[in-house]
Amino acid sequence: MSDTLESADSPANRRAAATGFRVRLRNFLPVIFCLLISVVSLLIIFITNHSATHSIEALAEEVMTRVSQRVVEKTSYYLDSAAHMVQVNALAWQSGGQDHFSQRMAQSGLLVSQLIGKVQEVVDGARSSAGEGARRAPREMVGSGVNFLNTFNRTSRGQLELFPYFGLVYYGDQQGNHWLNKREQDGTIHVRVITRKNDAPDSKQALEKLAKLPKNSEQEKVALAAELAPYLETQWYEQEVVQGEARLVPGERDPLKIYDPRLRPWYVGARDQKKLFWTDVYAWEEKYKGVTSRQVGITVSAPVLRGGELVGVSGIDISLQAVSLFLRDMEIMQNGRAFILNDKGETVGLPDYTEVLEKSDTKSDAVRLNHVSKIGDPLVRASYAAIRAELALNEQQPFTLPKERVITFPVDGQNYYGFYKPFAAEMGLNWTVGVVIPEDDFLGSIKQEMRQSLLIALASIGFMLAAGIMIGRLITNPLTHLGKEVERIMQLDLAPTPSLTTRFVEFGMISLAFSRMKLTLAEMVNSLSVHTKTLDWSAEEFANTAMTLEDSTQVLHESLQTLQAAQLPEELADTLLQIEESVRVLSSLSQPVVERVESMNQGAQALRKTLQSVRI
């Protein structure tokens, strides 16, 4: 019993109680279960999220790479097809009499995908025809007469019909004449011819002065038209089909048009470089039937050479509206978008074409490209600012990329992926394709799954908490019962108690062992009670004998003293003395016996009292 008390009150327990680390098992088990489940669940969720994030980042880069590549391929197709066709036109228009080539181009009926594949064949055929034409008419002015107008119309009209993103197909010669085939907004195609009647040096100065004259009132327009008539004639033509044959019919005139193709960048670039030339993106304006239309595009031009000498320049304008419509119709995840910028940060193509142009506040109502920092899309603006910041570019430095870049940037608390890929550098354009995709387009489903995983984890934790409480009670209730049994035994309560009800065999065995121990202790107590009573009787008898002996010793001692007082013979006196000494020894021996008997009585009384306190 003392060992049990010492272990319960050991220094380790005292230290635990002092530091506050002692807890109830019924509370500890549910908490530790929940803690373990939480740690494992969070670890699994973290690992899953980490792996998913890396996979999503790789997927995002792959998707944006594919999207940008698709934009590059589509835009390059627009540019390449125009480049091929303008070279074909340059070869075809080296001689004004090549009707067989124009008919081949206009009447071939090739699809766009087929036509690009056969361009080289056409170019080779054109070179052969052009060489023959040059040998036949080395001094003939290209484009002279109605014959060339019909050739130009068939060739350029066929190209406009085959390539819907071609806006204008035209040709200007060294004398300042200009032939143009134009697609209107309603899809119709019209031909315009600007004929220069006077190309003397003084006529150029006169036209420069006339271009500065006002033309606001009707009177001013009439006066300007009269001044221009000796120098320029601008005639529009409509194509009519009569009995299956197409022919051009003169339409309205534009007496106020002042245009010299030789001064235009597309003409100057091809003339000076004597090879394929791309202009910067710009806006052009054309008037037809009193309606002025503006369009933004890019021009590719090629020199028309005869015998190594320049006779003119052919050009094709590509409408950037077609590029923007393509960007608009692209499906890039749920909320992604693609766009094209030049090295000035100006918008070449946007999903919203109306934002490609910036309308100035000047009276001339000039049209120019919009800067990306001024468009309404906050994602594209933020993406452009992020890529410039990553490249450490100041406001004066051009926006050029040596290679494709992937960036991430926040907007209103949401993360976005940005991808930039340079292209068209070989054409001198320095364009960049940009792709912006919200992170949620990739991680939305992952985040939803993560939320579901968290809910499942929380439900699991709740379930484990309830299960832990139940398991804790199933474990701690028997332990509490056994602890109370130990306390009752320590308090000498050996009375029978209700048996422990438990589903655990081990606890049942311990409880049965406690019951048997109590029964054995009770039997021992009963046996001790019987032996204590016997001890009491023996002690009492022993005490009585000791008292009798003591009394007898006292009587004998007194008798000896009486005899010693009488006059006895010497021998008898010596005998009495020996007897007295023996009585004295006997008396000294009886005294400890009496004390021992008293001690036995006290012990028996204490044991009797203890046994009486035991409840059986």
Side-chain angles (χ1 to χ4, degrees), residues 57 60-61 63-72 74-75 280-283 296-298 320-361 366-425 429-444:
E57 289 177 354
E61 184 173 354
V63 169
M64 291 187 294
T65 301
R66 291 182 178 180
V67 170
S68 64
Q69 186 61 32
R70 184 181 174 193
V71 174
V72 168
K74 190 72 173 180
T75 308
D280 290 333
V281 178
Y282 70 100
V296 174
I298 186 170
L320 292 184
Q321 185 174 10
V323 176
S324 293
L325 293 177
F326 166 70
L327 297 176
R328 182 197 66 186
D329 295 337
M330 285 190 71
E331 293 184 3
I332 309 173
M333 304 297 288
Q334 287 84 11
N335 302 290
R337 64 212 64 179
F339 51 93
I340 302 175
L341 307 176
N342 62 17
D343 57 355
K344 301 176 184 177
E346 296 172 332
T347 55
V348 176
L350 291 173
D352 184 4
Y353 178 69
T354 59
E355 288 196 311
V356 173
L357 300 177
E358 179 188 14
K359 193 172 183 180
S360 67
D361 297 329
V367 178
R368 61 176 178 266
L369 291 178
N370 201 359
H371 194 271
V372 65
S373 61
K374 299 179 181 180
I375 66 174
D377 193 332
L379 302 184
V380 177
R381 294 200 312 267
S383 174
Y384 179 73
I387 188 64
R388 286 193 69 93
E390 183 165 324
L391 296 174
L393 299 177
N394 57 39
E395 295 181 358
Q396 288 73 32
Q397 291 178 295
F399 175 56
T400 55
L401 287 174
K403 61 180 181 178
E404 59 190 35
R405 297 289 289 266
V406 179
I407 60 171
T408 57
F409 60 95
V411 176
D412 297 333
Q414 299 293 327
N415 292 328
Y416 293 84
Y417 290 107
F419 183 85
Y420 286 84
K421 179 182 179 67
F423 82 108
L429 300 178
N430 292 322
W431 289 357
T432 300
V433 174
V435 182
V436 175
I437 303 179
E439 184 184 75
D440 285 345
D441 282 10
F442 297 99
L443 296 179

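All figures in this text were calculated on a predicted structure; none of them were measured in a lab. The first residue of the sequence shown is numbered 1, and numbering continues consecutively from there.
- Remark: Arg66 engages Glu62 in a salt bridge (charged side-chain N to carboxylate O under 4.0 Å, His left out) (not counting sequence neighbours).
- The shortest side-chain heavy-atom distance between Phe339 and Tyr384 does not fall under the 4.5 Å cut-off.
- A pairwise comparison of heavy atoms in Pro410 and Asn415 identifies CB-OD1, 3.9 Å as the closest pair.
- Applying the salt bridge (charged side-chain N to carboxylate O under 4.0 Å, His left out) test to Asp280 and every residue at least two apart in sequence or in another chain returns nothing.
- Put simply, CD on Gln397 and CD on Glu395 are 11.0 Å apart, with the number rounded to the nearest 0.5 Å.
- By the salt bridge (charged side-chain N to carboxylate O under 4.0 Å, His left out) test, Arg328 is found to be paired with no residue, residues two or more places apart in sequence or in another chain being considered.
- For Tyr353 against Gln321, the heavy-atom pair with the smallest separation is CE1-CA, 3.4 Å.
- Here the closest non-hydrogen pair linking Leu350 and Leu327 is N-CD1, 3.8 Å.
- In this structure the side chain of Val348 never reaches within 4.5 angstrom of the side chain of Val323, judged on heavy atoms.
- For Phe419, there are no ring-ring contact (aromatic ring centres under 6.0 Å, His included) partners two or more places apart in sequence or in a different chain.
- Each of Val72, Leu341, Ile298 was scored for a side chain to side chain contact (heavy atoms under 4.5 Å, CB included) with Trp431, with one residue passing: Ile298.
- Considering only residues two or more places apart in sequence or on other chains, Glu390 meets the side chain to side chain donor-acceptor pair (under 3.5 Å) condition with Arg405.
- Looking only at distances, no side-chain donor or acceptor of Ser68 sits under 3.5 Å from a matching main-chain atom of Val433.
- Atoms OH and CG, from Tyr420 and Leu401 in turn, are 9.0 Å apart once rounded to the nearest 0.5 Å.
- Val71 is not listed as a side-chain neighbour of Phe423, based on a closest heavy-atom distance of 4.5 Å or more.
- A side chain to side chain contact (heavy atoms under 4.5 Å, CB included) with Asn342 holds for exactly one of Leu429, Thr432, Leu369; it is Leu369.
- Every residue was checked against the salt bridge (charged side-chain N to carboxylate O under 4.0 Å, His left out) condition with Glu355, not counting sequence neighbours, and none meets it.
- Partners of Thr65 by side chain to side chain donor-acceptor pair (under 3.5 Å), not counting sequence neighbours: none found.
- Minimum interatomic distance between Ile407 and Ala386 (heavy atoms only, all atoms of both residues): CD1-CB, 3.8 Å.
- Partners of Val411 according to the side chain to side chain contact (heavy atoms under 4.5 Å, CB included) rule, which considers only residues two or more places apart in sequence or in another chain, are Leu379, Ala382, Phe409, Tyr416.
- You'll find the side chain of Pro422 stays beyond 4.5 Å of the side chain of Thr400, heavy atoms only.
- The salt bridge (charged side-chain N to carboxylate O under 4.0 Å, His left out) analysis of residues 332-353, with sequence neighbours excluded, yields the pairs Arg337-Asp377.
- The minimum heavy-atom distance linking Gly349 with Ser324 is given by the pair CA-OG, 3.7 Å.
- Counting heavy atoms from C-beta on, the side chains of Lys421 and Gln69 come closer than 4.5 Å.
- Listed by chain and number, the residues in a side chain to side chain contact (heavy atoms under 4.5 Å, CB included) with Asp412 amount to none (sequence neighbours excluded).
- Applying the side chain to side chain contact (heavy atoms under 4.5 Å, CB included) rule to Arg70 yields the partners Phe326, Met330; only residues at least two apart in sequence or on another chain are considered.
- We find the CE-CE distance between Met64 and Met333 to be 10.0 Å, quoted to the nearest 0.5 Å.
- For the side chain to side chain donor-acceptor pair (under 3.5 Å) test, residues two or more places apart in sequence or in another chain that qualify with Asn335 are Asp441.
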